[in-house]
Each structure stands twice: as structure tokens, then as C-alpha cells.
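Below: the structure, in C-alpha cells.
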Amino acid sequence: GEGAFKGCSIVSSINFGKNITNIGECALQGCSNLQSVYWNIAVDSVVSPFYNHNSYDNFDLRPQITSFTFGDDVKSIPDYLCSNMSLSTVSIPDNVTSIGDEAFKDCSKLTSVTLGKNVKKIGQGAFLEDSVLTSVHYQGTLSDWVNIDFEGYDMDQYWDDQQNKGANPLEFADSLFINNSYVTDIT
């Protein structure tokens with residue numbers, strides 16, 4: 001339920017299995033030693049168990065998670081799931097087709113993202129303010145990359161509407177690799 005393990009300092013890792021259908025909001029907020037998460041939840045309607053993204057009152061109570069692994073049953077990554085975490089790398093497996101809004105927002109240590117070949121949609125602000133992100137590794141083809149729906153992302157409107165910012169991780173990263181080959185031209 002909501003706040004079920006709030007402030008529990010003995011939890012250092014947690015495994016969310018595929019049969020979980022509901023987790024209370026902020027269930028793990030304030031778990032100061034939580035560093036590792038295995039997430040294999042197949043539903044995308046789960047709220048973030050780590051902190052309330054709508055409230056900055058308890059912002060400092062979010063766990064400092066450094067390792068987040070997605071399992072084979074995950075089809076979509078929920079909105080806000082990994083925002084504000086201490087992740088340095090993220091690997092999205094091939095079974096994931098969509099990444100939610102602000103899913104990895106404000107991951108201030110995130111330097112590298114690997115996206116599985118079946119990612120078709122990336123939500124608004126998914127990588128917003130990931131200021132040290134340097135490389136994106138995509139496991140699909142160049143044709144697949146240009147067909148990803150970077151939700152709300154329209155470069156023509158970008159400078160006029162900051163809400164469009166952050167869906168495309170290349171806004172912050174210097175390098176794109178497709179199937180381990182450095183991409184210099186997308187046209």
C-alpha cells in the first residue's frame with residue numbers, strides 16, 4: 001500500500017515480480033539504503049513507489065538507486081518511474097516498446113542509455129535534464145530510429161514550447177550508435 005515501507009533503512013535491493021498489479025505510491029520513499037531494483041512488472045499503470053513526483057516536500061527522501069534492471073515481461077516503462085535516480089547507465093531491453101513521460105528525468109549521473117530495438121514511443125521529458133548524458137546506443141536499424149515517436153517532440157516548435165523538450169535523448173547526448181556503429185548522419 002501507499003507508504004508501506006516508507007523510511008525503511010534496511011532495504012538495499014528489491015525485486016518486483018511479473019505478477020504485481022499494484023504498488024502504493026511512495027511505498028519505498030525514504031528507503032535511504034535502497035540501491036538496486038529489479039523491475040519485471042508487466043502493467044504500465046503502476047505509480048512510482050519511490051517518491052511522489054507531484055510533491056517536492058519530501059524530495060530528499062527519494063532512494064539513491066544506482067542499479068535498475070528491467071525484466072523480460074516489461075512492455076512499457078511507466079511515467080516518472082526512474083526520475084531523479086543516481087543511475088549512470090540505463091539499458092532498456094528489446095521487450096520494451098514504450099517509455100513513459102519523465103521516466104528518466106533528472107538522472108544527473110546518467111551518461112549512457114541503451115534502447116532495445118522494439119522501442120516505438122518515448123514520452124515527453126523522458127530524458128529531460130539528464131545533463132551528463134553523452135551516448136545513446138540503439139539496437140534497431142536507422143530506419144527504425146527515425147520512426148520512433150518522440151512524443152510531443154517537434155524541433156520546429158522546440159524553441160517556442162519548452163514542454164516538447166526531453167523526449168529525444170539526443171537533445172543531451174553527443175553520440176548516437178546504431179547496432180554499435182557511430183552515426184554521423186541521419187538523413
Side-chain angles (χ1 to χ4, degrees), residues 1-116 119 122-123 125-139 166 169 172-173 175 177:
E2 186 172 327
F5 298 96
K6 192 172 187 176
C8 182
S9 62
I10 62 171
V11 176
S12 62
S13 66
I14 193 159
N15 181 339
F16 291 101
K18 68 180 179 179
N19 295 323
I20 293 175
T21 58
N22 188 18
I23 301 172
E25 187 170 40
C26 303
L28 296 162
Q29 184 176 25
C31 294
S32 56
N33 290 317
L34 180 59
Q35 295 184 357
S36 177
V37 174
Y38 176 77
W39 185 271
N40 198 31
I41 298 177
V43 297
D44 64 350
S45 58
V46 174
V47 297
S48 176
F50 307 109
Y51 75 103
N52 181 346
H53 73 276
N54 288 320
S55 172
Y56 287 98
D57 293 342
N58 296 317
F59 194 68
D60 291 330
L61 296 177
R62 69 190 185 282
Q64 294 300 307
I65 297 168
T66 58
S67 173
F68 205 104
T69 304
F70 295 97
D72 293 338
D73 292 304
V74 177
K75 301 297 179 224
S76 63
I77 298 171
D79 295 349
Y80 316 105
L81 182 65
C82 297
S83 61
N84 295 291
M85 290 189 181
S86 296
L87 305 171
S88 60
T89 62
V90 169
S91 184
I92 310 297
D94 288 341
N95 45 287
V96 173
T97 59
S98 66
I99 299 171
D101 293 349
E102 298 184 17
F104 298 95
K105 178 183 176 189
D106 285 322
C107 290
S108 62
K109 297 178 182 180
L110 187 61
T111 60
S112 177
V113 172
T114 299
L115 298 172
V119 171
I122 299 177
F127 297 95
L128 186 63
E129 298 178 25
D130 293 345
S131 59
V132 297
L133 182 60
T134 57
S135 64
V136 176
H137 301 263
Y138 180 61
Q139 303 306 308
F172 307 99
S175 306
F177 296 85

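For the single chain, residues carry numbers from 1 onward in sequence order.
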Heavy-atom pair of closest approach, residues [X] and [Y]:
{"X": "M85", "Y": "I65", "answer": "CE-CD1, 3.6 Å"}
{"X": "F70", "Y": "P93", "answer": "CB-CD, 3.7 Å"}
{"X": "I23", "Y": "P49", "answer": "CG2-CB, 3.4 Å"}
{"X": "A173", "Y": "S135", "answer": "CB-N, 3.9 Å"}

Could you pull out all donor-acceptor pairs under 3.5 Å where a side-chain atom in residues 35-43 meets a protein atom, sequence neighbours excluded?
| from | atom 1 | to | atom 2 | distance (Å) |
| --- | --- | --- | --- | --- |
| N40 | OD1 | D72 | N | 3.2 |
| N40 | OD1 | D73 | N | 2.8 |
| N40 | ND2 | D73 | OD2 | 2.9 |

Sole residue of I92, L115, D94 in side-chain contact (heavy atoms from CB on, under 4.5 Å) with Q139 =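 Only one of I92, L115, D94 forms a side-chain contact (heavy atoms from CB on, under 4.5 Å) with Q139, namely D94.
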query = Hey, is NZ on K75 packed in by over 12 heavy atoms from elsewhere, all under 6.0 Å?
reply =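 Above 12, so yes.
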request  = Check the surroundings of atom CZ in F5: do more than 12 heavy atoms from other residues, nucleotides or ligands lie under 6.0 Å from it?
outcome  =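 No, CZ of F5 has 12 or fewer neighbouring heavy atoms, counting only those of other groups under 6.0 Å.
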Going by heavy atoms in the side chains, are [X] and [Y] under 4.5 Å from each other?
{"X": "V90", "Y": "T114", "result": "no"}
{"X": "N15", "Y": "S13", "result": "no"}
{"X": "F50", "Y": "L81", "result": "yes"}
{"X": "Y80", "Y": "K105", "result": "no"}

task = Evaluate the side-chain contact (heavy atoms from CB on, under 4.5 Å) criterion for residues F104 and S83: first the C-alpha distance (whole Å), next the side-chain angles of each, then the deciding distance (0.1 Å), finally the verdict.
result = CA-CA 4 Å; F104 298 95; S83 61; over 6 Å; no
Value rounded to 0.5 Å, distance of [atom1] in [X] from [atom2] in [Y]:
{"X": "L34", "Y": "S12", "atom1": "CG", "atom2": "OG", "value": "7.5 Å"}
{"X": "F127", "Y": "C82", "atom1": "CZ", "atom2": "SG", "value": "9.5 Å"}
{"X": "H137", "Y": "T89", "atom1": "NE2", "atom2": "OG1", "value": "10.0 Å"}
{"X": "D79", "Y": "I77", "atom1": "CG", "atom2": "CD1", "value": "11.0 Å"}
{"X": "I99", "Y": "D101", "atom1": "CD1", "atom2": "CG", "value": "11.5 Å"}
{"X": "L110", "Y": "S131", "atom1": "CG", "atom2": "OG", "value": "9.5 Å"}

ask   = Hey, mind stepping through T66 and S86 against side-chain contact (heavy atoms from CB on, under 4.5 Å) and telling me if it holds?
value = CA-CA 5 Å; T66 58; S86 296; 4.1 Å; yes
message = Main chain of P169, side chain of D130: is a donor-acceptor contact present, judged purely on distance under 3.5 Å?
response =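 A pair under 3.5 Å: no.
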query = Sub-3.5 Å donor-acceptor pair from the side chain of T111 to the main-chain atoms of S88, do we have one?
reply =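 Yes, the answer is positive, given that a donor and an acceptor are paired below the 3.5 Å cut-off.
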Pair V11-N33, side-chain contact (heavy atoms from CB on, under 4.5 Å): steps then yes or no = CA-CA 6 Å; V11 176; N33 290 317; over 6 Å; no
